[in-house]
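No hydrogens, no waters, no symmetry mates; every other heavy atom, side chains included, goes into these values. When a residue number appears, it is its place in the shown sequence, counting from 1.
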Amino acid sequence: MGIRFILMVNKQGQTRLAQYYEYLTLEERRALEGEIVRKCLARNEQQCSFVEHRNYKIVYRRYASLFFLVGVDNDENELAILEFIHLLVETMDRHFGNVCELDIMFHLEKAHFMLEEMVMNGCIVETSKANILTPIQLMDKAS
């Protein structure tokens with residue numbers, strides 16, 4: 001399994017979306033998120049977007065006011081994960097129109113649905129924006 005978790009965090013360190021692909025208790029998740037967020041937010045833009053923490057490799061990228069953090073196995077390709085983060089942001093941009101923190105907060109179920117279309121059990125299974133967004137557009141039409 002490659003991806004262990006995906007987090008979307010604002011500049012103040014508040015988690016806006018969390019998706020885990022391995023079992024961790026609520027206390028373990030809180031502690032892990034706090035440690036990782038503090039570590040990533042403390043870094044400046046001249047530093048690389050990869051951090052090792054515990055038995056994870058954290059790949060992160062900042063878009064506007066949101067940080068996208070992905071925890072992966074140590075043998076995972078960092079550049080492929082950066083490309084995945086970019087694809088996720090582009091997909092959300094296409095649906096929401098320049099995605100921001102409020103879009104995630106007010107449409108959390110859609111953000112999770114996009115992630116579920118893209119990642120299954122920690123493996124990236126879909127990279128086509130059209131294929132990812134079609135079910136969401138159909139749900140929007142039905143409601």
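Closest of all the heavy-atom pairs between Lys129 and Thr91 is CG-OG1, 3.4 Å. The two residues Val37 and Gly13 make their nearest non-hydrogen contact at CG1-CA, 3.6 Å. Counting all heavy atoms, side chain and backbone alike, Leu87 lies closest to Met118 at CD2-CE, 3.5 Å. Of all heavy-atom pairs spanning Ala18 and His112, the tightest one is O-CE1, 3.4 Å. Heavy atoms only, all atoms of each residue included: Pro135 and Asn131 are closest at CD-O, 3.3 Å.
Every residue meeting the side-chain hydrogen bond (donor to acceptor under 3.5 Å, both in side chains) condition with Glu101, not counting sequence neighbours, appears here in chain and number order: Asn10, Arg16. Contacts of Glu126 classified as salt bridge (Lys or Arg N to Asp or Glu O under 4.0 Å), with partners at least two apart in sequence or in another chain: none. The ring-ring contact (aromatic ring centres under 6.0 Å, His included) check on Phe68 picks up Tyr63, with sequence neighbours excluded. Partners of Glu35 by salt bridge (Lys or Arg N to Asp or Glu O under 4.0 Å), not counting sequence neighbours, listed by chain and number: Arg54. Partners of Phe67 under the ring-ring contact (aromatic ring centres under 6.0 Å, His included) rule, at least two apart in sequence or in another chain, do not exist in this structure.
Arg43 places a side-chain N or O within 3.5 Å of a backbone atom of Cys48 that can act as its donor or acceptor partner. No side-chain donor-acceptor contact under 3.5 Å links Glu33 to the backbone of Arg30.
In this structure, CD on Glu90 lies 12.5 Å from CE on Met92, to the nearest 0.5 angstrom. The CD1 atom of Ile136 sits 4.0 Å away from atom CE of Met114, with the distance rounded to the nearest 0.5 Å. Annotation: the span from Ile58 atom CD1 to Ile81 atom CD1 amounts to 11.0 Å, rounded to 0.5 Å. One finds the OH atom of Tyr23 at 7.5 Å from the CD atom of Glu28 (value rounded to the nearest 0.5 Å). Taking CG from Asp93 and CG from Leu88, the interatomic distance works out to 9.5 Å, rounded to the nearest 0.5 Å.
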Glu78 vs Lys57, salt bridge (charged side-chain N to carboxylate O under 4.0 Å, His left out): CA-CA, chis, key distance, verdict: CA-CA 8 Å; Glu78 298 95 344; Lys57 190 183 300 179; 2.9 Å; yes

Report the C-alpha separation of Ile132 and His95 in whole Å, then their side-chain angles, then the decisive distance to 0.1 Å, and conclude whether the side chain to side chain contact (heavy atoms under 4.5 Å, CB included) test is met. CA-CA 10 Å; Ile132 294 164; His95 183 72; over 6 Å; no

I would like to know whether Leu41 and Tyr60 meet side chain to side chain contact (heavy atoms under 4.5 Å, CB included); could you show each step before the answer? CA-CA 10 Å; Leu41 267 61; Tyr60 69 95; over 6 Å; no

Between Met105 and Gln14, does the side chain to side chain contact (heavy atoms under 4.5 Å, CB included) criterion hold? Intermediate values first, please. CA-CA 11 Å; Met105 289 172 60; Gln14 299 167 316; over 6 Å; no

Would you sort out whether Phe84 and Val72 count as a side chain to side chain contact (heavy atoms under 4.5 Å, CB included), showing the intermediate values? CA-CA 12 Å; Phe84 165 74; Val72 296; over 6 Å; no

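Using a 4.5 Å cut-off between side-chain heavy atoms of Ile, Leu, Val, Met, Phe, Trp and Tyr, with links allowed through other members, Leu82 and Phe5 fall into different hydrophobic clusters. In this structure, Val9 is not a member of the same hydrophobic cluster as Leu66, with clusters built from ILVMFWY side-chain heavy atoms closer than 4.5 Å. Grouping the Ile, Leu, Val, Met, Phe, Trp and Tyr side chains by contacts below 4.5 angstrom, directly or via other members, places Leu69 apart from Leu17. Linking Ile, Leu, Val, Met, Phe, Trp and Tyr residues whenever their side-chain heavy atoms come within less than 4.5 Å leaves Ile3 and Ile36 in two separate clusters. Val70 and Phe50 fall within the same hydrophobic cluster, defined by Ile, Leu, Val, Met, Phe, Trp and Tyr side-chain heavy atoms under 4.5 Å apart, directly or through other members.
Among pairs with a residue in residues 132-143, those fulfilling side chain to side chain donor-acceptor pair (under 3.5 Å) read Lys110-Asp140, at least two apart in sequence or across chains.
In the displayed structure, Met139 atom CE is contacted under 6.0 Å by more than 12 heavy atoms of other residues, nucleotides or ligands.
Both tests hold for Arg29 against Tyr20: distance to the six-membered ring centre under 6.0 Å, angle to the ring axis within 45°.
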